[in-house]
Engineer: 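What follows is a structure written as structure tokens; I'll ask about it next.
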Amino acid sequence: MSRLAQTHGLTDVQREILSTVRDFVDKEIIPVATELEHRDEYPQDIVDGLKELGLFGLMIPEEYGGLGESLLTYALCVEEIARGWMSVSGIINTHFIVAYMLKQHGTQEQKDHFLPRMAAGDIRGAFSMSEPALGSDVSAISSKAVKDGDEYVLNGQKMWLTNGGTSSLVAVLVKSDEGHPEGTAPHKSMTTFLVEKEPGFGEVRPGLTIPGKIDKMGYKGVDTTELIMDGLRVPADRVLGGVAGRGFYQMMDGVEVGRVNVAARGCGVAQRAFELGVRYAQQRHTFGKKIAQHQAIQFKLAEMATKVEAAHAMMVNAARKKDSGERNDLEAGMAKYLASEYCKEVVEDAFRIHGGYGFSKEYEIERLYREAPMLLIGEGTAEIQKMIIGRRLLEEYRFQG
């Protein structure tokens with residue numbers, strides 16, 4: 001076990017879970033990750049293994065067949081999985097956010113219907129906020145739901161769905177003006193719908209199309225898609241929580257824990273980059289000695305390790321804050337911002353240590369170099385995190401003069 005990124009105060013159960021996940025990552029993910037990533041192939045055998053380990057139900061309460069673990073346990077597991085291959089952690093994350101939203105905001109009927117099958121991994125979740133012209137401005141959502149008897153009719157185009165093709169349940173955020181007069185603040189006229197569908201591409205249910213995978217620079221293997229709704233009919237009992245107009249708050253709650261997850265992914269990728277860099281520095285010789293003996297490389301390794309340690313500590317703090325029941329948007333924003341920026345820097349330093357070989361697809365660091373940028377924008381850009389952090393700091397340190 002590495003000395004870096006250790007977490008103190010864990011229970012025996014948490015340590016056992018993390019040890020099991022790390023063994024799985026070392027044996028089942030790392031040896032095949034680069035090959036699968038280069039082929040942009042969905043890691044079905046890996047996902048089946050995670051299902052067998054019970055990872056899809058890690059935070060789902062025991063009464064619904066899950067393990068009932070904390071956000072901290074989950075984040076530490078994500079850190080380990082991302083250390084092996086970040087795409088796999090994305091498959092888990094979107095599923096987890098939908099399960100979390102159901103647990104926190106769903107009606108009893110919705111929890112009873114979905115959570116046991118989500119815990120077993122038989123239902124895979126995805127969530128959808130973004131749209132082609134949306135970016136970070138969630139209030140600009142244009143897709144819409146119109147009430148029609150006991151159903152809603154949904155129309156619009158959504159973008160950047162992780163697990164869009166392989167999922168069978170999508171939490172979709174759209175505008176719904178029902179009960180909200182003209183001029184109502186945009187965030188008060190949004191509703192989250194629980195949309196069930198068949199896995200796959202094309203028309204996956206009447207009125208719902210998943211066109212195909214978006215070709216990406218990195219973050220391959222996991223399917224990222226669009227979602228097109230054209231007269232999609234959804235029963236009123238599939239409004240998350242049973243009441244329209246609460247979707248923005250429900251989604252933001254999910255994204256808040258998602259930011260802890262992205263921070264954990266950044267920590268995992270940075271750890272792997274450090275491992276690759278420190279190993280290569282002790283294998284490569286220049287000017288008659290290992291490059292690890294050159295002071296310039298030692299300085300670089302020192303900076304990399306310090307960033308790994310700092311990002312991990314902030315991620316753990318954000319997760320523990322949420323587990324305590326306290327508001328953690330400040331801590332989650334800081335952790336996501338710092339971990340993603342440090343991840344990019346640690347990966348680039350490991351790439352530099354590899355020299356020309358880092359540019360070769362034969363070396364794992366090439367894959368990490370393409371994966372790290374996604375963390376800079378996923379679950380909110382660095383600029384969005386700074387806005388959140390700045391506003392919360394002004395709330396906490398309000399000048400009374």
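Please read all numbers here as calculations on a predicted model, not as lab measurements.
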Engineer: Do any N or O atoms from the side chain of Asn155 and from the backbone of Gly231 form a donor-acceptor pair under 3.5 angstrom?
Structural biologist: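 Flag set: sc Asn155 to bb Gly231 pair under 3.5 Å.
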Engineer: Ignoring hydrogens, what is the shortest heavy-atom contact between Pro132 and Lys158? Give both atom names and the distance.
Structural biologist: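 Looking at all heavy atoms of both residues, the shortest contact is CD-C, 4.5 Å.
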Engineer: Would Asp329 and Arg327 pass as an ion pair if we require N to O under 4.0 Å?
Structural biologist: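 So Asp329 pairs with Arg327 through a salt bridge.
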Engineer: Tell me, yes or no, whether the heavy-atom count around Arg398 atom CZ, taken from other residues, nucleotides or ligands under 6.0 Å, exceeds 12.
Structural biologist: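 No, the 6.0 Å shell around CZ holds no more than 12 heavy atoms from other groups.
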Engineer: Please check if any side-chain donor atom of Glu226 sits under 3.5 Å from a side-chain acceptor atom of Trp160, or the reverse.
Structural biologist: no
Engineer: Taking atom CD1 of Ile92 and atom SG of Cys77, what is their separation to the nearest 0.5 Å?
Structural biologist: 9.5 Å
Engineer: Checking Lys213 side chain against Thr224 main chain: does a donor-acceptor pair fall under 3.5 Å?
Structural biologist: no
Engineer: What pair of heavy atoms forms the shortest contact from Leu161 to Ser128, and how long is it?
Structural biologist: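 Heavy atoms only, the tightest pair is CD1-OG, 3.5 Å.
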Engineer: Say whether, by atom type as modelled, one donor and one acceptor occur between the side chain of Asn328 and the main chain of Ala318 under 3.5 angstrom.
Structural biologist: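 Checking the backbone N and O of Ala318 against the side chain of Asn328, a donor-acceptor pair under 3.5 Å is found.
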Engineer: Can you tell if the side chain of Phe127 reaches within under 4.5 Å of the side chain of Val170, non-hydrogen atoms only?
Structural biologist: no
Engineer: For the atom pair CZ (Phe248) and CD1 (Ile141), what is the distance rounded to the nearest 0.5 Å?
Structural biologist: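 Rounded to the nearest 0.5 Å, the CZ-CD1 separation comes to 9.0 Å.
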Engineer: Quick check: closest heavy atoms across Tyr357 and Tyr363, and the distance to 0.1 Å?
Structural biologist: O-CD1, 3.5 Å
Engineer: Any salt bridge between Glu275 and Arg272, counting N to O under 4.0 Å?
Structural biologist: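 Judged by the 4.0 Å cut-off on N to carboxylate O distance, Glu275 and Arg272 do form a salt bridge.
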Engineer: Indicate yes or no for a side-chain donor-acceptor contact from Arg246 to the backbone of Val243 under 3.5 Å, with no hydrogens or angles considered.
Structural biologist: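 Checking the backbone N and O of Val243 against the side chain of Arg246, no donor-acceptor pair under 3.5 Å is found.
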Engineer: We want to know whether Glu364 and His354 form a side-chain donor-acceptor pair, criterion being a heavy-atom distance below 3.5 angstrom.
Structural biologist: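 No pair is found: no donor N or O on one side chain lies under 3.5 Å from an acceptor on the other.
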Engineer: Less than 4.5 Å apart, side chain to side chain, heavy atoms only: is that true for Val222 and Asn163?
Structural biologist: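 Side chain of Val222 against side chain of Asn163, heavy atoms only: contact under 4.5 Å found.
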Engineer: Distance-only check: which donor-acceptor pairs under 3.5 Å involve side-chain atoms of residues 45-65, not counting sequence neighbours?
Structural biologist:
residue : atom : partner : partner atom : Å
Asp48   : OD1  : Gln44   : NE2          : 2.9
Lys51   : NZ   : Asp122  : OD1          : 3.1
Tyr64   : OH   : Gln108  : NE2          : 2.9

Engineer: Is the number of heavy atoms from other residues, nucleotides or ligands under 6.0 Å of Lys216 NZ greater than 12?
Structural biologist: yes
Engineer: Crowded around Asp237 CG? As in, over 12 foreign heavy atoms under 6.0 Å?
Structural biologist: yes
Engineer: Mind checking what makes salt bridge (Lys or Arg N to Asp or Glu O under 4.0 Å) contact with Arg391, not counting sequence neighbours?
Structural biologist: none
Engineer: Who are the ring-ring contact (aromatic ring centres under 6.0 Å, His included) partners of Phe201, not counting sequence neighbours?
Structural biologist: none
Engineer: Is it the case that over 12 heavy atoms from other parts of the model lie below 6.0 angstrom from the CD atom of Glu198?
Structural biologist: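 No, not enclosed.
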Engineer: Would you say the side chains of Thr209 and Glu203 form a donor-acceptor pair under 3.5 Å?
Structural biologist: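 Note: Thr209 and Glu203 side chains miss the donor-acceptor criterion.
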Engineer: Under 3.5 Å, side chain of Asp40 to main-chain N/O of Lys220, donor-acceptor pair present?
Structural biologist: no
Engineer: Does any non-hydrogen side-chain atom of Ile97 lie less than 4.5 Å from one of Met101?
Structural biologist: yes
Engineer: Counting only N and O atoms by type, is there a donor-acceptor contact under 3.5 Å from the side chain of Gln157 to the main-chain atoms of Leu227?
Structural biologist: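 Between the backbone of Leu227 and the side chain of Gln157 there is no qualifying donor-acceptor contact (under 3.5 Å).
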Engineer: Should Glu79 and Arg83 be marked as a salt bridge (charged side-chain N to carboxylate O under 4.0 Å, His left out) after you check the CA-CA gap, both sets of side-chain angles, and the distance that decides it?
Structural biologist: CA-CA 6 Å; Glu79 183 180 39; Arg83 175 182 154 267; over 6 Å; no
Engineer: Leu393 vs Leu330, test: side chain to side chain contact (heavy atoms under 4.5 Å, CB included). Steps then yes/no.
Structural biologist: CA-CA 8 Å; Leu393 289 173; Leu330 175 64; 4.2 Å; yes
Engineer: Ignoring hydrogens and angles, tell me if any N or O in the side chain of Thr20 forms a donor-acceptor pair with the backbone of Glu16 under 3.5 Å.
Structural biologist: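 Pair found, side chain donor or acceptor close to backbone of Glu16.
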Engineer: Taking Glu131 for its side chain and Ser143 for its backbone only, find out whether a donor-acceptor pair lies under 3.5 Å.
Structural biologist: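 Looks like yes, one N/O pair under 3.5 Å.
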Engineer: Count the heavy atoms of every other residue, nucleotide or ligand shown that sit under 6.0 Å from CD of Gln295, and state whether that count exceeds 12.
Structural biologist: no
Engineer: Can you find a pair of side-chain heavy atoms, one from Val98 and one from Arg124, that are under 4.5 Å apart?
Structural biologist: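 They are not in side-chain contact.
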Engineer: Closest heavy-atom contact between Arg265 and Ser89?
Structural biologist: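 That would be CD-OG, 2.9 Å.
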Engineer: Could you tell me the separation between the CG atom of Leu240 and the CD atom of Gln250, rounded to the nearest 0.5 Å?
Structural biologist: 4.0 Å
Engineer: Does any N or O in the side chain of Arg205 come within less than 3.5 Å of the main-chain N or O of Glu196, such that one atom is a donor and the other an acceptor?
Structural biologist: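 It does hold such a pair.
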Engineer: Find the distance between CG (Leu376) and SG (Cys343) and round it off to the nearest 0.5 Å.
Structural biologist: 8.0 Å
Engineer: With heavy-atom distances below 4.5 Å as the criterion, would you say the side chains of Leu102 and Leu169 are in contact?
Structural biologist: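 With C-beta onward as the side chain, the pair touches.
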Engineer: Who passes salt bridge (Lys or Arg N to Asp or Glu O under 4.0 Å) against Lys321, sequence neighbours left out?
Structural biologist: Glu326, Glu331
Engineer: Output, in order, the C-alpha distance, side-chain angles, deciding distance and verdict of side chain to side chain contact (heavy atoms under 4.5 Å, CB included) for Glu69 and Val13.
Structural biologist: CA-CA 10 Å; Glu69 273 295 331; Val13 171; 3.7 Å; yes
Engineer: More than 12 heavy atoms of other residues, nucleotides or ligands under 6.0 Å from CD of Glu362: is that the case?
Structural biologist: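 Atom CD in Glu362 is not packed in, count stays at 12 or less.
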Engineer: Would you check if there is a donor-acceptor pair between the side chains of Ser87 and Glu37 at a distance under 3.5 Å?
Structural biologist: no
Engineer: Quick check: do Lys386 and Thr381 have side-chain heavy atoms less than 4.5 Å from each other?
Structural biologist: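 The answer is no; the side chains never approach within 4.5 Å.
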Engineer: Report yes or no: does Asp323 contribute a side-chain atom to a donor-acceptor pair with the main-chain N or O of Leu72 at less than 3.5 Å?
Structural biologist: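 A pair under 3.5 Å: yes.
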Engineer: Mind checking whether Val257 and Phe96 have side chains closer than 4.5 Å, heavy atoms only?
Structural biologist: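 Answer yes - side chains close enough.
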Engineer: Rounded to the nearest 0.5 Å, how far apart are CD1 of Ile210 and CD1 of Ile228?
Structural biologist: 8.5 Å
Engineer: Is a side-chain donor-acceptor pair under 3.5 Å present for Arg367 with Thr34?
Structural biologist: yes
Engineer: Quick one: do Glu151 and Arg233 satisfy salt bridge (charged side-chain N to carboxylate O under 4.0 Å, His left out)? Show the steps, please.
Structural biologist: CA-CA 6 Å; Glu151 296 180 316; Arg233 289 188 169 271; 2.9 Å; yes
Engineer: Please list all pairs meeting salt bridge (charged side-chain N to carboxylate O under 4.0 Å, His left out) that have one or both residues in residues 343-358, counting only residues at least two apart or in different chains.
Structural biologist: Lys300-Asp349, Lys307-Glu345, Glu341-Lys344, Glu348-Arg352
Engineer: I'd like to know if the side chain of His95 pairs up with that of Ser167 as donor and acceptor (distance under 3.5 Å, no hydrogens or angles considered).
Structural biologist: no
Engineer: What are the two closest non-hydrogen atoms of Ala75 and Val260, and how far apart are they?
Structural biologist: CB-CG1, 4.1 Å
Engineer: So Ile81 and Val21, side chain to side chain contact (heavy atoms under 4.5 Å, CB included) or not? Walk me through it.
Structural biologist: CA-CA 7 Å; Ile81 293 169; Val21 172; 4.0 Å; yes
Engineer: With a 4.5 Å cut-off on side-chain heavy atoms, are Leu375 and Met86 touching?
Structural biologist: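 The answer is yes; the side chains approach within 4.5 Å.
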Engineer: Show me the pairs that pass side chain to side chain donor-acceptor pair (under 3.5 Å) and involve residues 277-287, at least two apart or across chains.
Structural biologist: Thr286-His294
Engineer: CE of Met217 to OH of Tyr369: how many Å apart, nearest 0.5 Å?
Structural biologist: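 These two atoms lie 9.0 Å from each other.
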